[in-house]
Number of protein chains: 2
Amino acid sequence: MKSNNTKVSNAIIRRLPRYRRYLNELRKQGVKKISSNELSELIGYTASQIRQDLNTFGGFGQQGYGYSVDSLFHEINKILGLDREYKTIVVGIGNLGQAITNYTYYYKIGFNIVGLFDVNPKLVGLSINDVLVRDFSEMSDFVKENDIDIAIICVNRENAQKVTDVLVDAGIEGIWNFAPVDLNVPNDVAVENVHLSDSLHTLSFLIRSNELEDAEK
Amino acid sequence: MKSNNTKVSNAIIRRLPRYRRYLNELRKQGVKKISSNELSELIGYTASQIRQDLNTFGGFGQQGYGYSVDSLFHEINKILGLDREYKTIVVGIGNLGQAITNYTYYYKIGFNIVGLFDVNPKLVGLSINDVLVRDFSEMSDFVKENDIDIAIICVNRENAQKVTDVLVDAGIEGIWNFAPVDLNVPNDVAVENVHLSDSLHTLSFLIRSNELEDAEK
């Protein structure tokens, strides 16, 4: 199973968190087992797609029984690396950085924010959820000394790569990037982008497409 | 060209905002023209992919000359529906809602936030960037009376569909959804999701994959 995990396609990676979200919902509703057909109706992927996806990871279903919601949920959690905790810092504590800090704090599933960094002297020294905002110059040592796993980058476009270079040198494993820029990192550093402006532009594209369709009717 | 627009694949829609981002960067650097090969090196898609994508929309390049950065940028802006303004409201003015409100305000490219809504009496009556937070009960009339185009949903999972139903009834055209749930809407309402938790889980998956690869070495 190990070697499979490292080779799954980008498309499956995108679907797994969605499976997890629905299974978590089912668990909360007290549902014990579910067939791929029922999952299909819920999630919107075809039943054969679902069986194929879950087979990639070893297949947890039993013919004629379906999937145990609880064990499938925990298996997917493991595959997603959610069976451990991640020491996390946030870099750039402006509006978005503060919101993401709070979001991650309240979300509480293993992404523990243990450090906050900014260059703004008005922010340095403040605390958010009992975590101190430190000066950016202390970040590199902090990452090394505390074995930080993940950095959440909420700085502006101009500074994102510079911040990234320092993080990579300090041994960061993963970056959750909110800066509207694509970062250069070595292969062994994971980057997941949340490009908010790209997402907003996708929305305006879809609205325009609907309007053009209406106009053609 | 009209009918093409309404049928482009989901994959191209995802790439267009990225083209726009890089072209905007080039414009700021004063670059006047660029070949598909140069764009390829910058963006990471193959040159033939780029030519094919841009051809879908009518093709703006000239053989042997390449693309005019400025006119390609403006064409893509038009295709993305960014040649107009959108009247936008935000629903749910907690931490994330406030951050997204500020983000969209400072971003300033045609997504004008004209209304904010919440159920929390501590928030109703406050202002953010001179826009008043109103009670949720006023939202439906506000959307109708002001011809609101887009709603940004920052409420919790439990309330997101209820909010959506009210917005759809009031005639909303597009929803930028930050609630960790998939919304049911009619076909003529555009929805773009920012599922932050899915994104974070993708990151942990990638980190775990890297660690497994390391362990195998």
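Every chain is numbered from 1 and lettered A, B, ... according to where its sequence line falls, protein lines coming before strand lines. All values derive from a computational prediction rather than experimental measurement.
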Trainee: For the residue pair A:Q98 and B:N95, establish whether any side-chain heavy-atom pair is separated by less than 4.5 Å.
Mentor: no
Trainee: Answer with side chain, backbone, both or neither: which region of A:N77 has an atom nearer than 4.5 Å to a non-hydrogen atom of chain B?
Mentor: neither
Trainee: In Å, rounded to the nearest 0.5 Å, how long is the span from CG of B:L203 to CD1 of A:I150?
Mentor: 4.5 Å
Trainee: Heavy atoms only, distances under 4.5 angstrom: which of A:A99, A:G81, A:G94 has the most pairs with chain B? Name it, please.
Mentor: A:G81
Trainee: Is there a donor-acceptor pair under 3.5 Å between the side chain of A:R208 and the backbone N or O of B:K78?
Mentor: yes
Trainee: For the candidates A:L206, A:I43, A:D214, which exhibits the highest count of non-hydrogen atom pairs separated by less than 4.5 Å from chain B?
Mentor: A:L206
Trainee: Please look at A:N102 and chain B and tell me whether the side chain, the backbone, both or neither of the residue comes under 4.5 angstrom of a heavy atom of that chain.
Mentor: side chain
Trainee: What do you reckon, is CD of A:E41 surrounded by more than 12 foreign heavy atoms closer than 6.0 Å?
Mentor: no
Trainee: Measuring heavy-atom distances to chain B, does A:S197 have an atom under 4.5 Å in its side chain, in its backbone, in both, or in neither?
Mentor: both
Trainee: When rounded to the nearest 0.5 angstrom, what distance separates CG in A:N24 from CZ in B:R157?
Mentor: 7.5 Å
Trainee: If I take atom CD1 from residue B:I207 and atom CD1 from residue A:I175, how far apart are they, to the nearest 0.5 angstrom?
Mentor: 9.5 Å
Trainee: Considering only heavy atoms and a distance below 4.5 Å, find which of A:R84, A:H195, A:R14 pairs most often with chain B.
Mentor: A:H195
Trainee: Is A:R21 close to chain B through its backbone or its side chain, or both, or neither, when contacts mean heavy atoms under 4.5 Å?
Mentor: side chain
Trainee: State, to 0.1 Å, how close B:L82 and A:S204 come at their nearest heavy-atom pair, and which atoms those are.
Mentor: CD2-OG, 3.5 Å
Trainee: If we define contacts as heavy-atom pairs under 4.5 Å, which of A:L96, A:V194, A:D182, A:V181 has the most with chain B?
Mentor: A:D182
Trainee: Testing the basics here: between B:T202 and A:P17, what is the closest heavy-atom pair and its distance to 0.1 Å?
Mentor: OG1-CG, 3.7 Å
Trainee: Does any backbone or side-chain atom of A:Y19 lie under 4.5 Å from a heavy atom of chain B? Answer side chain, backbone, both or neither.
Mentor: neither
Trainee: I need the B:E211 CD to A:D188 CG distance, nearest 0.5 Å.
Mentor: 11.0 Å
Trainee: Looking only at heavy atoms, which two atoms of B:I79 and A:F205 are closest? And how far apart?
Mentor: O-CD1, 3.2 Å
Trainee: Could you tell me whether B:K122 atom NZ has more than 12 heavy atoms of other residues or ligands within 6.0 Å of it?
Mentor: no
Trainee: Measure the CD1-CG distance between B:I100 and A:L200 for me, rounded to the nearest 0.5 Å.
Mentor: 9.5 Å
Trainee: Verify side chain to side chain contact (heavy atoms under 4.5 Å, CB included) between B:W176 and A:L196, making sure each step is shown before the conclusion.
Mentor: CA-CA 10 Å; B:W176 202 22; A:L196 290 174; 4.1 Å; yes
